[in-house]
Amino acid sequence: MILTLVGSIALTKITGVSLLEVKDIAKWNANDPKMIYFIRGLLLLQFLGLFLIPSLLFAYFSDPKPLNYLGLKLPQKNIYWLLAIVIMFVAIPAVEYVGAINQKINFGTATHKWMKGMEEEAAKQIQFMLSKHTPGELITNLIFISLFAGVGEEIFFRGVLQRMFIRAFKNPWMGIVLTATIFSAFHFQFFGFFPRLALGIVLGAIYWYSGSLWAAIIAHFIYDAFIIVLVYFNPSMLNNPDQTLMNPNTLLPMAVGSVFLTIVLLWLMRKYSSASYRQVYKDDNPSELDKLSF
């Protein structure tokens, strides 16, 4: 919070863009390089101040081997790199179908209007970031959106929260689902809650079975990068955020196949995985008097 506050003030001094301008999305000008620098600066502050630095500090004070604590180690088997990437692509039709259903949920007139307003604001932010169509802008967006989200969110949600919840409940799937729920709710996009929940569960399972947070980070990055590249080559998608990536007429059968294949691939990861609660938490032996140990 301190870093974000100080950083935001610094950004206003550097760019000349006021916080009041940033607060009103309607005033965002995609042709103004100062505004673009400011928004990207905020993304950098979020990456550092909300996800990366707190997670690294937490791990440092929680374990003699902080990187190992966060799961930043190589997978148990090299095949997990490939499986993680393939699973994310295979899961896309199922996620798309869940998203289409999520869009149709009726929350009541007033609530629906409020939620829709938040969705439209989020869509405008995405349109602003992806509005430029040059190779340089594409690479920059891959860094500031895909890479920052893949690294920051995975370290915070899977590396810290999921580890804590699994330890608390002594049940991997309880920790994976609870973390995925918080991960999805954190984005405050209600019409994308269930597809993001599904993605969070898949990412959590990839981390647990592979034993490596890097596998989940790569999978997260690849998924976000795929969407960004797809929008880059199909800019019309920016004007229709409700558009599905696949033909709606064939989405259901593809989703069924997607669910089946995703389950099979996760089963393969589980079959060859040596991950277990006892093995993962074997070095966690806090004193009974250590009430703050995680």
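Numbering of residues begins at 1 and proceeds along the displayed sequence. These figures come from a predicted structure and were not determined experimentally.
Remark: side-chain polar atoms of Glu154 are not paired, donor with acceptor, to backbone N or O of Val151 under 3.5 angstrom. Between the side chain of Arg163 and the main chain of Tyr69, a donor-acceptor pair closer than 3.5 Å is present. Tyr80 contributes a side-chain N or O that, together with a main-chain N or O of Ser273, makes up a donor-acceptor pair within less than 3.5 Å. At distances below 3.5 Å, not a single donor-acceptor pair connects side-chain atoms of Ser184 with backbone N or O atoms of Ala180. Using a distance-only test at 3.5 Å, with no hydrogens or angles considered, a donor-acceptor pair links the side chain of Asn234 to the main chain of Leu230. Checked by atom type and distance alone, the side chain of Glu96 never pairs as donor or acceptor with a backbone atom of Leu251 at under 3.5 Å.
From Ser146, atom OG reaches atom CG of Asp224 across 5.0 Å, with rounding to the nearest 0.5 Å. Remark: Ile201 CD1 to Thr262 OG1 distance equals 12.0 Å, nearest 0.5 Å. Between Ile126 atom CD1 and Asn141 atom CG the span is 11.0 Å, to the nearest 0.5 Å. From Lys77, atom NZ reaches atom OG of Ser212 across 13.0 Å, with rounding to the nearest 0.5 Å.
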Met88 and Ile206: CA distance, side-chain angles, deciding distance, side chain to side chain contact (heavy atoms under 4.5 Å, CB included) verdict: CA-CA 10 Å; Met88 293 308 289; Ile206 288 173; 4.2 Å; yes
Side chain to side chain contact (heavy atoms under 4.5 Å, CB included) assessment of Lys34 paired with Phe38: CA-CA 6 Å; Lys34 292 182 179 179; Phe38 194 102; over 6 Å; no
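A 6.0 Å sphere centred on CZ of Phe188 holds no more than 12 heavy atoms belonging to other residues, nucleotides or ligands.
Contact of the Pro93 side chain with the Tyr97 side chain is not registered, since no non-hydrogen atoms from C-beta on lie closer than 4.5 Å. Between Asn171 and Ile166, every side-chain heavy-atom pair lies at or beyond the 4.5 Å cut-off.
The six-membered or imidazole ring of Phe144 lies near that of Phe148, with a centre-to-centre distance under 6.0 Å. Taking the six-membered ring wherever Trp is involved, the centroid distance between the rings of Phe89 and Phe226 falls below 6.0 Å.
Remark: Arg40 engages Glu137 in a salt bridge (Lys or Arg N to Asp or Glu O under 4.0 Å) (not counting sequence neighbours).
The aromatic rings of Phe183 and Phe157 stand perpendicular to each other, their planes meeting at an angle above 60°, with 30° marking the opposite boundary.
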